Engineer: 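Take a look at the following structure, please.
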Amino acid sequence: MRSWNMKGLWLAGVLLAGCGGTEALDGQPEAAAPELAQTEAALEYNEDLHCIVMTPSVRCNNGLQMYAYWSDELGHYFIPRNVCGSRGPIVCPL
């Protein structure tokens, strides 16, 4: 059993050594990560795809908690119409 432990430690050491550091390549600094607003477009309310809900989340019958989106324009939360699918409940009838 001891040889397995030593082999596991040796393998972990080799894998960690092969990862390298976090230094930038070619001496150039890394570019700053873009902010969320620059990388993701805000989801907009579409009456055909979404419905307005009064709470920030909806609990499906199987126990999953599905989160809604906030719209400053509407002043309400909205969620996809089929958020719970066949598991129910029907959040907003078509």
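This structure is a prediction, so every number in the text was calculated from the model and none was measured.
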Engineer: Output every pair passing side chain to side chain donor-acceptor pair (under 3.5 Å) with a member in residues 71-80, not counting sequence neighbours, ordered by first then second residue.
Structural biologist: Trp70-Asp72

Engineer: Following the transitive rule for hydrophobic clusters with a side-chain heavy-atom cut-off under 4.5 Å over Ile, Leu, Val, Met, Phe, Trp and Tyr, establish whether Tyr67 and Met54 coincide in one cluster.
Structural biologist: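 No.
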
Engineer: Report the residues that fulfil side chain to side chain donor-acceptor pair (under 3.5 Å) with Asn62, sequence neighbours left out, ordered by chain and then residue number.
Structural biologist: none

Engineer: In chain order, what residues pass the side-chain contact (heavy atoms from CB on, under 4.5 Å) check against Tyr45, with sequence neighbours excluded?
Structural biologist: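 With neighbours one apart ignored, the set is Glu47, His50, Ile52, Leu74, Phe78.
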
Engineer: Which atoms form the tightest heavy-atom contact between Met66 and Val83, and what is the distance?
Structural biologist: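 Closest approach of Met66 to Val83, heavy atoms only: CB-CG2, 3.5 Å.
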
Engineer: I need the Cys51 SG to Asn82 CG distance, nearest 0.5 Å.
Structural biologist: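 Interatomic distance, Cys51 SG to Asn82 CG, rounded to 0.5 Å: 9.5 Å.
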
Engineer: Minimum heavy-atom separation for Thr55 to Ala68, with atom names?
Structural biologist: O-CB, 4.0 Å

